[in-house]
Each structure stands twice: as C-alpha cells, then as structure tokens.
There are 2 protein chains.
Amino acid sequence: MEINSTRDLILDSAQALAQTRGFNGYSYADIALELGIRKASIHYHFPSKNDLETELLSRYRTGFVSELQKIELNVNGSIEQLQRYAQMYATTLSNNRICLGGMMASDVGALPETLTPSLVSFFKEQVDWLANIMDAGKKAGELNFSGSAQSHATAFLAALQGGLLMANAMEDEGVFKRLRQTLINTLQ
Amino acid sequence: MEINSTRDLILDSAQALAQTRGFNGYSYADIALELGIRKASIHYHFPSKNDLETELLSRYRTGFVSELQKIELNVNGSIEQLQRYAQMYATTLSNNRICLGGMMASDVGALPETLTPSLVSFFKEQVDWLANIMDAGKKAGELNFSGSAQSHATAFLAALQGGLLMANAMEDEGVFKRLRQTLINTLQ
DNA sequence: TAGTATACCTACTTACTGGTAGGTAATCAA
DNA sequence: TTGATTACCTACCAGTAAGTAGGTATACTA
C-alpha cells in the first residue's frame, strides 16, 4: 500500500477530470489514457463508476474537513481564518478547477441518488464550520453583522461556489479576488 | 411559424434537460423521446449539437435581458427590484432547475470554446445591470454599502448562482429563501 | 511447494452517442 | 401542373460508454 498506489492515482485523475469537465464529463478511457493503464484495471479497483464517484466525494470531504481543522489550529483570528478558507477556493481556481462539491451539485440531476446524502453533508459541514468561525468572530468583536451566523455562512459559501463558477468561465482570477475581499469586508 | 413550433419545443425540452442534468447530460434521443419525434428531425432544425447549444444560450440571454428590462420598467425602488431579480432564481429553483448560465459555467471545460464568449457576456450583462440598480439605490439613499457597486453586484450574482446549486442539491427551498433575504439585508 | 490473493492484462459485449443518406407527404409559387 | 421547399421519416454509420470474461505474472501464505 504505497503512497502513490494505482488506486490513488486513479482517484487523482478522476478528480481532476471531474473538477474541470463535470461529473459525467469523463470516462474510464480518459483515466486509463492518462495513467497509461487499461480500462479493465480501473474496473478492478472501482467495479462501477458509482463506486469511483462515491469514493471520490468521500475522499474530498475528508480532505476538506482536515483542512478546516488545520485552519482552526494554526490560524489566529476569525478574519484571517475566513481568508484562509477563501484561499482554498482561490487555489482551486488557479488550477482551472471548480469545487468538486459545487460540480457535483450542478450535476445532481444526472447522478445516482446514493451520492446525494453525502453531498448534502458536505455543504452542511462547510456551513456549520463557517458559522462557528463567524459566531466566535462576532463574540470577539472582530466581526460585525446582523442576522444569524448560519445565514451569513450560507451566503459566504454560496458566493464562493458561484464566484468560482463565474471566474473559471470568464478565465479571470481578478473577479474572484475582488469577490473574496468584498465578502470579508461585508462581515466587518 | 406558429408559437409552439417544433423548433421551439426542441429548445424548451433541451433547456429543461440542460438545466437539470447538465449541458452534456442529455442527448438528441432524450429530446426526441419527450416530443414524440425522431432524432433526425432534431438534426433537421439543429444540424449539430453545437448549433442547438448556441441557440439555447442565445435565447436564454435574450429572455433574461428582457426580464431585466421589465423589472426596471415596472418595479419601483432598488430594493424591490433586487427582490424581483432574486425571485427569478427562486422560480428556477422551484422548477428543480438551476440557472442555464451557471450550469454552462460548470461544464465550460467540456464545452466547445465557441460558446464561451456568449457565456461571459451573459454574466457581464447580469453584473452590469445589478451594479446599475445598486448605484441608483445608493444615490437614492435606499441602499448602503461600502466599496464599488460592481463588486457587490458580482457578490450578489455569485451568491444566487451558488445558492441555487446548493439549495437544489439539498432539495431545500428554505435555504435559498433565507439566503436571498440575507443578501438584500446586507445591502441596506 | 502448492494454493490463493493481488494487480494487472487482452478481448469482448451491449447500449448509446452524434451524425448522415436518402425517402415521403404536404404546401406553395410560377 | 410542375418543381421547389419544408418538415418530417426510416435506416443506417462510426465512435464511445460502462461493464464483463477470462487469462497471466507476481507475491504471500499454509
């Protein structure tokens, strides 16, 4: 079970494709070509595409949660924590990708329903984490907003997801940079 | 050239499919089945899928611009105008669809590049219109925000697009309703 | 050393994709 | 009334999708 196992390489390739071309915009043949292996070998690790997609989302969620923990642990101050959060999306954009969760949400009507609960949990995890940060920031006098932290957290996440879509389509990272600053300014 | 011409019915069907299953998530066969005609008849009206997609986006843009004009003409007050704008997205959501522009943006990596300029124009039209409304609202003392109207317009649109994705995936119209109110409250 | 599991492979199937060739019935203009 | 145009049709094509059957080499295990 080495680090760059074929299984992981398949997931990496599938994720890159899913984040650029859509959840139904790539095939086993695409991955096989990129990795220099055969389609059947991918079916060995992920018998059906549903299996691959399930694992893709699960891995993405786990990775995201671990990033959130790192931010809480290593970054001081709610404003800087929100900045770091938004920074993750900016990094995704600079790789010409959008969020896997956002991509999946856009394709939810064409996806097996078994994936939906995990996707919903993904969004809830994000919103809950953001709401916690915002609550703490307000109590500490760093942030200033009216209404619930939950609703501002939803708006913050929605704007990042939508901004990622727009900036990626417009091929304009500046759009996203300004959006990011506007969102954080509004909370102060 | 009657109102419900086959050509229009094809576009209607394609649009519904594109807004629910993705821009690459439907086929000529799907449309043919829904309309009770043959695939070849669709090719008669739209020789290639690129032709269909181009027309789809063009029609959507035109329709949207005409809605914006109606709002400016018939609705008084920037706050109410923004409410009506957001209302259009809520209607889309209640049809279990997302914005065609947002869907297209999410699939931009898998779409012919010929479509991109029109998509970029779509977003710019929206942002410019919103920025105009916001500028007027600020001058009239109805709205209150710091920073440029352009950046708040971008944030507003991005949040609606992202919120549509999330609320649709979560099958929760309440999420979108609260988001909408939060966005407008923040501008006051 | 014999048996089993792992991780790949070639070669295939079925179903669906966008697209084309060519035919037909109805309408319309000269 | 002839000839063109419109709006459909049947029947097909090559390519690609996900998925399967069955083979092979290597490693681990009893």
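Quick note on labels: first sequence line is chain A, next is B, and so on, each numbered from 1.
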Please tabulate, for the side chains in residues 158-170 of chain B, all donor-acceptor contacts under 3.5 angstrom to protein atoms that are two or more places apart in sequence or on a different chain.
none

Mind checking salt bridge (Lys or Arg N to Asp or Glu O under 4.0 Å) for [X] and listing every partner two or more places apart, or none if nothing turns up?
X	answer
B:E80	B:R84
A:E125	A:R61
B:R38	none

Between the protein and nucleotides 3-5 of chain D, which nitrogen or oxygen pairs come in under 3.5 angstrom?
none

- Message: Strictly by ring-ring contact (aromatic ring centres under 6.0 Å, His included), give each pair with a member in residues 99-148 of chain A just once, sequence neighbours left out.
- Response: A:Y60-A:F122, A:F64-A:F122, A:Y85-A:W129, A:F145-A:H152
- Any pair with a residue in residues 13-38 of chain A that passes ring-ring contact (aromatic ring centres under 6.0 Å, His included), sequence neighbours left out, goes on the list, sorted by first then second residue, please. A:Y28-A:H43
- Note on the structure: Under a 4.0 Å heavy-atom cutoff, the residues of residues 18-33 of chain A touching DNA chain D are A:Y26, A:S27, A:Y28, A:A29
- Can you tell me if A:D51 and A:T54 form a side-chain donor-acceptor pair at under 3.5 Å? no
For [X], give me all partners under side chain to side chain donor-acceptor pair (under 3.5 Å), at least two apart in sequence or on another chain.
X	value
B:D30	B:S27
A:D128	A:Q150
A:E173	none

Starting at atom [atom1] of [X], determine the distance to atom [atom2] of [N], rounded to an integer number of angstrom.
X	N	atom1	atom2	result
B:I42	D:dC8	CD1	P	11 Å
B:H43	D:dA7	NE2	P	17 Å
B:L17	C:dC16	CG	P	16 Å

Atom pairs, protein N/O to nucleotides 7-12 of chain C N/O, distance under 3.5 Å:
unit_1, atom_1, unit_2, atom_2, d
C:dA7, OP2, A:Y44, OH, 3.3
C:dC8, OP1, A:T6, OG1, 2.9
C:dC8, OP2, A:T6, OG1, 3.3
C:dC8, OP2, A:H45, NE2, 2.7
C:dC9, OP2, A:R38, N, 2.9
C:dC9, OP2, A:S41, OG, 2.1
C:dT10, OP2, A:R38, NE, 3.2

